[in-house]
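Encoded as structure tokens, the structure appears first; notes follow it.
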There are 2 protein chains.
Amino acid sequence: MARPYHHGDLRTALLDAALQAVEAGGHASLSLRELAAGLGVSHAAPYRHFANREALLAAVASTGFDRLAQAWLAAWQGAGPAGAGPAARLRLAARAYLGFATERPALFRLMFQGPAPPGAEAAFAGLQATMAAALPGAAVAVVKARSIALWSALHGFAWLCVEGRIRPAMLGPLAPGALLEAVLDAALGPLPAAPG
Amino acid sequence: MARPYHHGDLRTALLDAALQAVEAGGHASLSLRELAAGLGVSHAAPYRHFANREALLAAVASTGFDRLAQAWLAAWQGAGPAGAGPAARLRLAARAYLGFATERPALFRLMFQGPAPPGAEAAFAGLQATMAAALPGAAVAVVKARSIALWSALHGFAWLCVEGRIRPAMLGPLAPGALLEAVLDAALGPLPAAPG
DNA sequence: GCCGCCATGTTGACATTGACAACTCGAAAC
DNA sequence: GTTTCGAGTTGTCAATGTCAACATGGCGGC
């Protein structure tokens with residue numbers, strides 16, 4: 001069965017393969033030629049679908065943001081014991097953010113480097129919407145400030161973990177679980193309790 | 001005046017040039033050959049002093065951590081109105097961290113990518129020492145947890161700013177200055193007031 | 001049913017780069 | 001004065017991103 005001249009859906013095939021390659025070896029070692037060879041097309045075929053290497057990586061990063069936003073919203077909407085208050089749900093979403101980063105470290109690294117790909121702002125908008133729901137009646141400026149503070153703390157902790165910058169030797173008597181809770185407390189800040 | 005066969009101090013010359021090149025164009029576009037040509041040596045000369053490109057970049061990152069630690073300690077030790085309490089001094093140090101990141105964005109990006117270069121842990125140790133001074137009598141585990149929470153929040157905010165992920169359009173009615181203060185408040189957390 | 005268009009792939013080429021091997025220079029040690 | 005060896009050079013190779021020129025074949029218009 002000879003391959004047809006036209007691949008059929010090379011664009012999505014490239015995206016899938018690139019995502020896999022990034023997760024496997026990091027975006028730095030991704031080679032367009034290797035990718036093309038793996039899909040059985042010539043080394044210049046990818047240029048029919050992406051202007052250059054950077055554009056392909058940006059597309060991969062974009063799908064990463066879609067997944068991250070999805071994970072965040074799923075944790076916020078679906079989960080938690082019935083009747084859990086916004087504070088508890090926000091904490092679950094924050095855990096989802098950290099879980100995403102630690103489960104897909106290479107994708108996470110790619111997502112937050114270079115110019116923001118499409119989807120990045122939408123992901124933050126999701127975070128902000130949940131923060132608004134957790135702070136009923138708060139002023140817009142307050143919600144935005146708290147959202148960025150939360151995002152910063154979560155992102156910083158995730159990044160430092162993913163890059164291996166928080167070494168067990170640095171923790172001393174502090175248990176990793178306790179550290180996680182302390183970081184979450186600081187990141188989330190004061191929140192109103194669950195409504196009775 | 002013919003150049004002597006031996007450069008004299010090629011290693012430090014390479015480090016200086018690499019630092020400049022990184023700050024000018026980012027570490028991704030740094031080329032060993034270009035660097036060597038700029039210093040008037042052959043394209044293979046750098047390999048006598050650094051195992052590979054990565055090793056040179058790691059050395060640059062290491063000096064970056066030295067400077068960051070220095071900036072942090074200087075802000076903590078030297079500055080502030082006389083008699084300022086630990087909380088105010090810690091806030092100044094935090095501002096110094098953010099200032100470092102925004103003034104040398106490309107170096108900052110390099111420093112926090114890949115394996116931690118020598119000097120990275122010492123820089124964090126400096127942060128932790130100041131936190132310990134700002135929380136007199138606190139348990140070691142508490143100091144460590146608070147230090148990492150502070151580091152995470154600062155680093156996350158700095159990174160998002162440096163990468164242009166916090167766009168003015170996202171702020172709405174929130175003034176940038178107010179955002180900075182809010183992030184600092186959240187990052188620093190509750191601290192004891194200045195001693196009478 | 002035939003034909004031409006053009007998106008999609010292919011081949012070929014080029015410059016750049018990181019990296020290694022083999023050679024050479026010259027300053028310092030003896 | 002000779003030797004040694006760190007430091008720099010030349011030459012080379014493979015891999016890669018990118019572009020230009022060409023080939024293919026499916027689809028719409030006739």
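Just so we're clear, the structure is a prediction, and the values are computed from it rather than from any experiment. So you know, we letter chains A, B, ... as the sequences are listed, proteins then strands, and number each from 1.
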For nucleotides 11-16 of chain D, print each protein N/O atom paired with a nucleotide N/O atom at under 3.5 Å, atom names and distance only.
| from | atom 1 | to | atom 2 | distance (Å) |
| --- | --- | --- | --- | --- |
| D:dG11 | O6 | B:His43 | NE2 | 2.8 |

Inset, instruction - Can you run down the side chain to side chain donor-acceptor pair (under 3.5 Å) pairs that involve residues 50-64 of chain A, sequence neighbours left out, and say none if there aren't any? - result: none

[X] [atom1] to [N] [atom2], straight-line distance once rounded to whole Å:
X: B:Asp9; N: D:dG6; atom1: CG; atom2: C1'; answer: 14 Å
X: A:Leu39; N: C:dG9; atom1: CG; atom2: C1'; answer: 13 Å
X: A:Leu14; N: C:dG9; atom1: CG; atom2: P; answer: 9 Å
X: B:Glu54; N: C:dT17; atom1: CD; atom2: C1'; answer: 16 Å
X: A:Leu57; N: D:dT18; atom1: CG; atom2: P; answer: 10 Å
X: A:Tyr47; N: C:dT11; atom1: OH; atom2: P; answer: 16 Å

Inset, instruction - Go through C:dG18, C:dT10, C:dC23 for me and flag the one nearest to the B:Arg48 side chain. - result: C:dC23

List for me each residue that meets salt bridge (charged side-chain N to carboxylate O under 4.0 Å, His left out) alongside [X], sequence neighbours excluded, and say none if there are none.
X: B:Arg95; answer: B:Glu181
X: B:Arg165; answer: none
X: B:Asp16; answer: none

Legend entry - B:Phe108/B:Phe65 aromatic ring centres below 6.0 Å: no

Under 3.5 Å, sequence neighbours excluded: what are the donor-acceptor pairs made by side chains of residues 116-124 of chain A?
| from | atom 1 | to | atom 2 | distance (Å) |
| --- | --- | --- | --- | --- |
| A:Glu121 | OE2 | B:Arg167 | NH1 | 2.1 |

Legend entry - Which residue lies more 5' along DNA chain D, comparing A:Ala51 with B:Ala45 via nearest heavy atoms: B:Ala45

